[in-house]
Asks: 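Pasting a structure here, questions to come.
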Amino acid sequence: MKKINQVYHALIDAYGKQGWWPVTDKGEVFPEYKKRKAFSEKQMLEVCIGAILTQNTSWTNVEKAIMQLNKNKLINVNKLAKIDQSKLAQLIRSSGYFNQKAERLILFAKYLLNNYSGSINKFFNKPLQNLRQELLSMHGIGPETADSIILYAAKKPVFVIDAYTKRIFSRLGFCEKDISYHELQKMFHERLDCDFKLFNEFHALIVKHAKQYCKKKPECNNCPLNSKCQKTYKHKNLLNKHDYT
DNA sequence: TACCAGGTCCTCG
DNA sequence: CGAGGACATGGT
């Protein structure tokens, strides 16, 4: 079995299934995505919104913002496309960078409205690569946000790379810490079965593990990947900050 | 108190 | 290209 699969199974054993993406329902934020047969348009839009709002921001801050949007019935393409930008910015204040993000949400909604009659389903009903190119062409949507939307909202198989992925897999010795987004994504695509459920679960586990053990300042005691890690940080108290990578 | 958090865009060299 | 800065809140 490939080493990368061993890492996946070790994470599953340690944390169990994560069941991402977190979605809200009736204005409440649920920590887990309940097993539904298919996302509604509203739920898909909420994932897209969450993907944009969580750019370099903690998810708890994003949850507060999404609850505000829910309260104001703004998880809706038509309404988002029309709302005053400064008003939207205040509603999503908790998610940080609120002026930028308000602009990005409105641009995203307007794009759907102008090109797909506001239908996310229509937009997602495109080949993965075309969808990805279109997402990347939008202002404010870079590779991670695009891939999060493709994987968690459109449910198509692309591996999401984020700061956590780089941190964990460089520490494991799979790559350099400054590897490019594209290169690291290629590593996962070449080594894993092309299965959106696998990509979904794996990435969610990476986030879980990065928050629990493989933090910026790693806590290597009892780390479930300890035996597979090249950097055990056994003497972490003696390390300088720059050695944490 | 300072640092951190599921990035992206812009500007410069 | 790539490095560096701007964007901003809330939790620890």
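All values reported here derive from a predicted model rather than from experimental measurement. So that the names make sense, note that chain A is the first sequence line, chain B the second, and so on, each numbered from 1.
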Asks: Can a donor-acceptor pair be found between the side chains of Glu134(A) and Tyr111(A) at a distance below 3.5 Å?
Replies: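 The criterion, which ignores hydrogens and geometry beyond distance, is satisfied for Tyr111(A) and Glu134(A).
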Asks: Let's see if you can work this out: which of dG10(C), dT8(B), dA8(C) has an atom nearest to the side-chain heavy atoms of Tyr97(A)?
Replies: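 Output: dA8(C).
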Asks: Can you confirm whether the side chains of Asp147(A) and Gln185(A) place a donor and an acceptor under 3.5 Å from each other?
Replies: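 Per modelled atom types, Asp147(A) and Gln185(A) side chains form a pair under 3.5 Å.
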Asks: Using only side-chain N and O atoms of Lys64(A), determine if any of them is under 4.0 Å from OP1 or OP2 of dG11(C).
Replies: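 Looking at the OP1 and OP2 atoms of dG11(C), one of them is under 4.0 Å from a side-chain N or O of Lys64(A).
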Asks: Round to the nearest Å and state the distance from Leu105(A) atom CG to dT8(B) atom C1'.
Replies: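 Going from Leu105(A) (CG) to dT8(B) (C1'), I get 14 Å.
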Asks: Check ring pair (Phe, Tyr, Trp, His ring centres under 6.0 Å) between Tyr116(A) and all other residues, then give those that pass, not counting sequence neighbours.
Replies: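 Listed in chain order: Phe123(A).
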Asks: Does any N or O in the side chain of Lys156(A) come within less than 3.5 Å of the main-chain N or O of Phe124(A), such that one atom is a donor and the other an acceptor?
Replies: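 It does hold such a pair.
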Asks: Residues in ring pair (Phe, Tyr, Trp, His ring centres under 6.0 Å) with His189(A), at least two apart?
Replies: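 His189(A) satisfies ring pair (Phe, Tyr, Trp, His ring centres under 6.0 Å) with Phe199(A) once adjacent residues are dropped.
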Asks: In whole angstrom, give the distance that lies between atom CG of Leu136(A) and atom P of dG7(B).
Replies: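 Computing the Leu136(A):CG to dG7(B):P distance gives 16 Å.
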Asks: Output the rounded distance in Å from CZ (Phe98(A)) to P (dA5(B)).
Replies: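 Interatomic distance, CZ of Phe98(A) to P of dA5(B): 21 Å.
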Asks: Counting distance only, does the side-chain N/O of Glu201(A) pair as donor-acceptor with the main-chain N or O of Gln18(A) below 3.5 Å?
Replies: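 Between the backbone of Gln18(A) and the side chain of Glu201(A) there is a qualifying donor-acceptor contact (under 3.5 Å).
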Asks: Determine the Euclidean distance between corresponding P atoms of dC10(B) and dA8(C); express it in Å to zero decimal places.
Replies: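 Result for the P pair: 14 Å, nearest Å.
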Asks: For the pair made of NZ in Lys217(A) and P in dA5(B), what is the distance, rounded to whole Å?
Replies: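 Answer to the nearest Å: 14 Å.
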Asks: With a sphere of 6.0 Å drawn around NZ of Lys197(A), does it hold more than 12 non-hydrogen atoms of other residues, nucleotides or ligands?
Replies: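 Open: at most 12 neighbouring heavy atoms sit under 6.0 Å from NZ of Lys197(A).
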Asks: Could you state the atom-to-atom distance from CE of Met67(A) to P of dG10(C) in whole Å?
Replies: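 Roughly 12 Å, once rounded to whole Å.
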Asks: With the side chain of Ser94(A) defined as its heavy atoms from C-beta on, choose the nearest nucleotide among dC10(B), dG10(C), dA8(C).
Replies: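 Per side-chain heavy atoms of Ser94(A), the pick is dG10(C).
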Asks: Is any side-chain nitrogen or oxygen of Asn61(A) closer than 4.0 Å to OP1 or OP2 of dG10(C)?
Replies: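 Answer is no, no contact under 4.0 Å.
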Asks: Can you see if the side chain of Arg167(A) gets near the phosphate of dA5(B) - specifically, an N or O under 4.0 Å from OP1 or OP2?
Replies: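 Yes.
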Asks: Give, ordered by number, those residues of residues 205-213 of chain A having at least one heavy-atom distance below 4.0 Å to an atom of DNA chain B; if nothing qualifies, reply none.
Replies: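 The stretch gives Val207(A), Lys211(A) as the residues lying under 4.0 Å from the strand, ordered by number.
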Asks: From the options dC9(B), dA5(B), dA8(C), select the nucleotide whose nearest atom is closest to the side chain of His139(A).
Replies: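 Among dC9(B), dA5(B), dA8(C), the one nearest the side chain of His139(A) is dC9(B).
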Asks: With a 4.0 Å limit, can you tell me whether Asn56(A) has a side-chain N or O closer than that to the phosphate oxygens OP1/OP2 of dT8(B)?
Replies: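 No, no such contact exists.
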Asks: Apply the ring-ring contact (aromatic ring centres under 6.0 Å, His included) test between Trp20(A) and each candidate in Trp59(A), Tyr152(A), Phe202(A); give the one that qualifies.
Replies: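 With Trp20(A) as partner, ring-ring contact (aromatic ring centres under 6.0 Å, His included) holds for just one option, Tyr152(A).
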Asks: Has Ser58(A) got a side-chain N or O lying under 4.0 Å from the OP1 or OP2 atom of dT9(C)?
Replies: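 No.
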Asks: Tell me which nucleotide among dG7(B), dC4(B), dA8(C) gets nearest to the side chain of Lys216(A).
Replies: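 For the Lys216(A) side chain, the nearest candidate turns out to be dC4(B).
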Asks: I want to confirm an ordering. Mapping Ile141(A) and Thr60(A) to their closest nucleotides on DNA chain B, which one lands closer to the 5' end?
Replies: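 Result of the comparison: Thr60(A).
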Asks: Is Glu144(A) touching bases, backbone alone, or none of the nucleic acid, heavy atoms closer than 4.0 Å?
Replies: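 Sugar-phosphate: the residue Glu144(A), judged by heavy atoms under 4.0 Å, touches backbone atoms but no base.
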Asks: Let me know the distance between CG of Leu53(A) and P of dA8(C), rounded to the nearest Å.
Replies: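 Interatomic distance, CG of Leu53(A) to P of dA8(C): 13 Å.
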